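Below is one structure, written out as structure tokens; comments come after it.
So you know, we letter chains A, B, ... as the sequences are listed, proteins then strands, and number each from 1. In this text, all values refer to a predicted model and were calculated from it rather than measured experimentally.
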There are 2 protein chains.
Amino acid sequence: MVTRQRGRPRSFDRLTALEQATMAFWEHGYETTSVADLTRVMGISAPSLYSAFGDKRTLFEEVVETYAGSYGSYGNRAFTEEPTARAAIGRLLRESAELYTEPGHPRGCLMISAAVNCSTPEVEEALRARREANLTSFEDRIRRGIEAGELPPGTDARALARFSGAVLQGMSQQARDGATREDLAAVAEWAMSSWPAATPGQDAAEAPERAHAQAREKAPETPAGRGA
Amino acid sequence: MVTRQRGRPRSFDRLTALEQATMAFWEHGYETTSVADLTRVMGISAPSLYSAFGDKRTLFEEVVETYAGSYGSYGNRAFTEEPTARAAIGRLLRESAELYTEPGHPRGCLMISAAVNCSTPEVEEALRARREANLTSFEDRIRRGIEAGELPPGTDARALARFSGAVLQGMSQQARDGATREDLAAVAEWAMSSWPAATPGQDAAEAPERAHAQAREKAPETPAGRGA
DNA sequence: GTCTTTTCGTAACGACCACTACACAAACAG
DNA sequence: CTGTTTGTGTAGTGGTCGTTACGAAAAGAC
């Protein structure tokens, strides 16, 4: 049943406009993207923007939410689909190297770079909280890996999670600084090479040897389609 | 011979004001720190600021320059004083963990975080160029280390430099996100643990084993006779 | 058709931005 | 003292910020 609206219909596609706002925020950050910039790239006037999305901050929050569910969803996918902590974080880093340099959208990660310098503390804190949550999920995954015997019992889950998060954030800024996809892939491999050796029998496909020279081909891990 | 100036003497100390401006830019970034913020923390009026430092952008450039020569000088010190590439970058990362969390000034690194979101491309590019130069000096140091036999011949200097730079930048943002000194020290150790094993005879004290659990004490590296 | 509802574009709002004109104050030169 | 030079505080400049009042336009309801 198609229930049409009562008044004048909207002259633009809301999701398309949201995607265009995402690109602008992704490229220039929250503070640096003005409402005038937004109305230009979205192709609509300021009153239309405010009536469809609330104010600038609310629009940004919606952008972050949809970003997390589309561009940022590969992380959760890696965590649910990969059998081990090492495979999950390894895949996350390798796929980040691709996403961060993928043509068709700005470089790096919106949640990492869009509110670094921000005079609205709530916005800065919101992204910080998301990063913190990601770090906690890293740590939980690693801890479960230790309990499952994938990783040595003495492994410091908090430190390894923090290390992985730092590498991820470093990769994002490196991408924005001009690093190539191969550069980032090599960074990911180097980071993974410092993980404790896998317990024999677990995690067999993942490198027991180190890969110091070049970025390897994508490891033949579980077949996982990687979308948007 | 004290040559006094001709006109009315300045009522504030220029270096002190510069340091206060440094703190403001360090904490909030270039764009987010307004001239009104600056005049407030520097304790002077806008015309005094403009007459003493030029415009906001020129002041920021002077801030970055003096920052690089004071807070940022430990990097060059590590590179000139340490005998090996591994020791130099290891010391850089370990000292960064301290500086980034040191009380008395903002967290993280000004050159990494102060112009991430910036609507003045020249400012953003200026810091990017400094980061790029640091990366190049990493790479040169590592390449010389390979030539000197400290590191395996097949080592990818560019990739290892990029990895080190990414970890450094990740540590800076982690510091701003609330990581403790111990957290960052562990990140540094983890990063160093992925370096290729030292060639026997060179760099003997540096971990041939890995240090997965906790941040180690600063390693007592060999004073091996190898001039920087 | 008229009424109601919703969106549209124009054109503004006050607040803040980086920056400066101007007159006064404080030093030295003579 | 007078004249010159330089810094200071007040009070502004034009411009952009995020946001909105307002009336015309476009749809369904009747």
Side-chain angles (χ1 to χ4, degrees), chain A residues 1-18 20-21 24-25 28-64 114-115 117-124 126, chain B residues 1-18 20-21 24-25 28-64 114-115 117-124 126:
Chain A
M1 186 138 186
V2 184
T3 56
R4 294 276 227 122
Q5 301 196 32
R6 271 271 290 183
R8 174 174 177 173
R10 190 172 275 139
S11 66
F12 60 95
D13 180 52
R14 195 179 184 281
L15 284 179
T16 303
L18 186 65
Q20 288 158 332
F25 280 131
H28 301 109
Y30 173 76
E31 194 90 13
T32 313
T33 305
S34 69
V35 173
D37 293 333
L38 291 168
T39 58
R40 189 173 53 253
V41 303
M42 298 165 87
I44 61 179
S45 62
S48 297
L49 187 155
Y50 277 83
S51 118
F53 298 103
D55 60 3
K56 181 186 173 184
R57 203 178 120 194
T58 309
L59 169 58
F60 182 71
E61 285 168 8
E62 188 171 348
V63 160
V64 171
N117 307 128
C118 187
S119 62
T120 312
E122 295 88 351
V123 173
E124 195 166 341
Chain B
M1 185 140 187
V2 183
T3 57
R4 293 279 223 121
Q5 302 197 33
R6 273 270 292 181
R8 175 173 176 172
R10 189 172 276 135
S11 67
F12 61 94
D13 180 53
R14 194 179 185 283
L15 285 178
T16 303
L18 186 64
Q20 289 157 331
F25 280 130
H28 300 108
Y30 173 76
E31 195 90 12
T32 314
T33 305
S34 70
V35 173
D37 293 332
L38 290 168
T39 59
R40 188 173 52 253
V41 302
M42 298 164 88
I44 63 180
S45 62
S48 298
L49 187 156
Y50 277 85
S51 117
F53 298 103
D55 60 2
K56 181 186 172 183
R57 201 179 120 191
T58 309
L59 168 60
F60 182 71
E61 286 169 7
E62 188 172 348
V63 160
V64 171
N117 306 130
C118 187
S119 62
T120 313
E122 295 88 351
V123 172
E124 193 166 340

Donor-acceptor contact below 3.5 Å, side chain B:Arg57 vs main chain B:Val123: no
N/O to N/O distances under 3.5 Å, protein versus nucleotides 10-13 of chain C:
none

Side chain of A:Pro9 - closest among C:dC19, D:dA26, D:dT6: D:dA26
Closest listed nucleotide, where the reference is the side chain of B:Lys56 and the choices are D:dG18, C:dA18, D:dG7: C:dA18
Spacing of B:Ser48 atom OG and B:Phe53 atom CZ [to the nearest 0.5 Å]: 10.0 Å
Whole-Å gap separating P (D:dT20) and CZ (A:Phe53): 16 Å
Distance test, side-chain N/O of B:Tyr50 to OP1/OP2 of C:dC19, below 4.0 Å: yes
Listed nucleotide nearest any side-chain atom of B:Ser34, set D:dG18, D:dT8, C:dA18: C:dA18
Whole-Å gap separating C1' (C:dC16) and CD (B:Glu31): 14 Å
Which nucleotide in D:dT5, D:dT20, D:dG7 has an atom nearest any side-chain atom of B:Ser51: D:dG7
Parallel, tilted or perpendicular: ring planes of B:Phe60 versus B:Phe25, cut at 30 and 60 degrees: perpendicular
Sugar-phosphate, base or nothing in reach of B:Val35, heavy atoms under 4.0 Å: sugar-phosphate
Length of the line joining A:Arg14:CZ and C:dT7:C1', which is rounded to integer Å: 14 Å
Shortest side-chain distance from A:Arg8, nucleotide among C:dT5, D:dA25, D:dT6: D:dA25
Reported CZ-to-CE distance for the pair B:Arg14 and B:Met42, which is rounded to 0.5 angstrom: 8.5 Å
Sugar-phosphate only, base, or nothing, as touched by A:Ser119 at under 4.0 Å among non-hydrogen atoms: nothing
